[in-house]
**Q** 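Handing you this structure, nothing more for now.
Just the heavy atoms: all of them, side chains too, but no hydrogens, waters or symmetry mates, feed the values below.
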Amino acid sequence: MFNMFNYLQLKGFETSDLVKHFEKIDEINENINKVLTENPRATLKYIKISYLDKEKKKIHFDIDIEVASN
């Protein structure tokens, strides 16, 4: 099972950043795990993290999950 919170910590996010964006991170984490669970042959290729504003209040995730065909 993928853990977005651990991933972001490895990428250098501070605990305060995780708390500030908890709801969005949790939503993304659930969506990733849902896709991976429903598609056992799926591979998480990359996650790009950016902000939609200068104040870094709106976090954005660009996620690429490849689902292999049978």
**Q** Under the side chain to side chain contact (heavy atoms under 4.5 Å, CB included) test, which residues partner Glu30, sequence neighbours left out?
**A** Asp26
**Q** Met4 and Ile25: which non-hydrogen atoms are nearest, and at how many Å?
**A** CG-CG2, 3.5 Å
**Q** Decide yes or no on side-chain contact (heavy atoms from CB on, under 4.5 Å) for Phe22 and Phe5, but give the supporting numbers first.
**A** CA-CA 9 Å; Phe22 178 84; Phe5 294 96; 3.6 Å; yes
**Q** If you count every heavy atom of other residues, nucleotides or ligands that lies below 6.0 Å from Glu55 atom CD, does the total exceed 12?
**A** yes
**Q** Might you work through the side-chain contact (heavy atoms from CB on, under 4.5 Å) test for Thr37 and Phe2, ending with a clear yes or no?
**A** CA-CA 10 Å; Thr37 300; Phe2 182 75; over 6 Å; no
**Q** Sequence neighbours excluded, which residues qualify as side chain to side chain contact (heavy atoms under 4.5 Å, CB included) partners of Lys24?
**A** Glu27, Ile28, Ile59, Phe61
**Q** Measure the CZ-OG1 distance between Arg41 and Thr43 for me, rounded to the nearest 0.5 Å.
**A** 9.0 Å
**Q** Enter the distance from Lys48:NZ to Asp64:CG here, rounded to the nearest 0.5 Å.
**A** 12.5 Å
**Q** Please determine which of Asn29, Ile49, Ile32 meets the side chain to side chain contact (heavy atoms under 4.5 Å, CB included) test together with Tyr7.
**A** Ile49
**Q** Nearest 0.5 angstrom please: Glu66 CD to Leu44 CG, how far?
**A** 11.0 Å
**Q** Is the backbone of Asn6 close enough, under 3.5 Å, to the side chain of Asn3 for a donor and an acceptor to pair up by distance?
**A** yes
**Q** How far does CD of Glu14 sit from CG of Leu8, to the nearest 0.5 angstrom?
**A** 12.0 Å
**Q** Evaluate the criterion side-chain contact (heavy atoms from CB on, under 4.5 Å) for residue pair Leu18 and Gln9; output intermediate values, then yes/no.
**A** CA-CA 8 Å; Leu18 299 176; Gln9 285 180 318; 3.6 Å; yes
**Q** Which pair of heavy atoms, one from His21 and one from Lys58, lies closest together, and at what distance?
**A** CE1-N, 4.4 Å
